[in-house]
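Right, one structure below, let's go through it.
Both backbone and side-chain heavy atoms feed into the values below; hydrogens, waters and symmetry mates do not. Chain letters run A, B, ... following the sequence lines, proteins first, then strands; residues in each count from 1.
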Amino acid sequence: MAIRAAAAAPRGLRRLFSTIPTSMSTLFPPPANGGVSALEQAEPNTNLFVSGLSKRTTTERLQEAFSEFGKVVQVGISARVVTDRVSGFSKGFGFVRYATLEDATKGIEGMHGKFLDGWVIFAEYARPRPPPAQPDNMPPPYGRQ
DNA sequence: GGTGAGCGT
């Protein structure tokens with residue numbers, strides 16, 4: 001039943017379920033390279049997705065916690081706890097961008113599964129984000145000049 | 001928020 005638990009577990013938890021014997025790997029072969037893209041974890045990137053945060057954990061708390069493992073850019077620029085826009089409460093996860101990829105890796109290795117404000121947090125590479133605008137067509141703000 | 005998986009105001 002460890003397989004079901006690993007499949008139902010969040011992305012950051014699958015690492016803790018990596019005690020799968022080879023016989024199980026034969027019964028459940030991983031998809032070959034090229035079959036997955038956005039549904040799996042993103043490739044190494046300087047941007048980190050951090051989940052499992054406490055509701056009380058703020059952006060600056062996140063920044064100072066990840067700063068001891070690498071160079072995180074200034075608060076408000078590359079470290080942010082996602083909060084609800086209307087209520088202002090934390091959603092329990094956030095993002096941290098390191099200066100270099102090696103620092104991002106050290107940040108994950110150092111903070112993944114660690115405690116922050118009493119909660120076990122999960123750090124992994126953030127997925128590539130779709131570009132906000134595509135200036136190939138007509139720009140939106142037109143007609144009020 | 002006394003809400004607990006998740007990929008962003």
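An aromatic stacking contact links A:F95 with the base of B:dG8, defined here by ring centres under 5.5 Å apart and ring planes under 30° from parallel.
With hydrogens and angles ignored, no donor-acceptor pair under 3.5 angstrom links the side chain of A:D84 to the base of B:dG8.
Along DNA chain B, the nucleotide nearest A:S87 and the nucleotide nearest A:V82 are compared for position; the residue whose nucleotide lies closer to the 5' end is A:S87. Comparing A:F93 and A:V86 against DNA chain B, the residue whose closest nucleotide sits nearer the 5' end is A:F93.
At whole-Å resolution of the value, CH2 in A:W119 and C1' in B:dG6 are 14 Å apart. Whole-Å rounding puts the A:R97 CZ to B:dC7 P distance at 18 Å. To the nearest angstrom, P of B:dG4 lies 19 Å from CG of A:L116. Rounded to an integer number of Å, the gap from CZ of A:R80 to P of B:dC7 is 16 Å. The distance between atom CD of A:E124 and atom C1' of B:dG8, rounded to the nearest whole Å, is 14 Å. Taking atom NZ on A:K91 and atom P on B:dT9, their separation rounds to 5 Å, with Å as the unit. One atom, NE2 of A:H112, and another, P of B:dG6, lie 14 Å apart when rounded to the nearest Å.
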Review point. Given A:L62 and A:L116, is the side chain to side chain contact (heavy atoms under 4.5 Å, CB included) satisfied, shown in steps?
Key: CA-CA 8 Å; A:L62 189 69; A:L116 185 60; 4.3 Å; yes
Exercise for review: Dump the intermediate steps for side chain to side chain contact (heavy atoms under 4.5 Å, CB included) on A:T57 and A:W119, then the final yes or no.
Suggested key: CA-CA 10 Å; A:T57 302; A:W119 285 79; over 6 Å; no
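Here the side chain of A:F49 is nearest to one of B:dA5, B:dT9, B:dC7, namely B:dC7.
One finds no side-chain N or O of A:R85 lying less than 4.0 angstrom from the OP1 or OP2 phosphate oxygen of B:dT9.
Between the side chain of A:T59 and the main chain of A:V81, a donor-acceptor pair closer than 3.5 Å is present. Counting only distance, with no hydrogens or angles, the side chain of A:Y98 and the backbone of A:F66 share a donor-acceptor pair below 3.5 Å.
Counting heavy atoms from C-beta outward, A:Y125 and A:N47 have side chains that stay 4.5 Å or more apart.
Using a 4.0 Å heavy-atom criterion, one finds that A:L48 contacts no nucleic acid atom at all. Note on A:G94: nothing from the nucleic acid sits closer than 4.0 angstrom, heavy atoms only. A:N45 comes within 4.0 angstrom of no nucleic acid atom, judged by non-hydrogen atoms across all strands.
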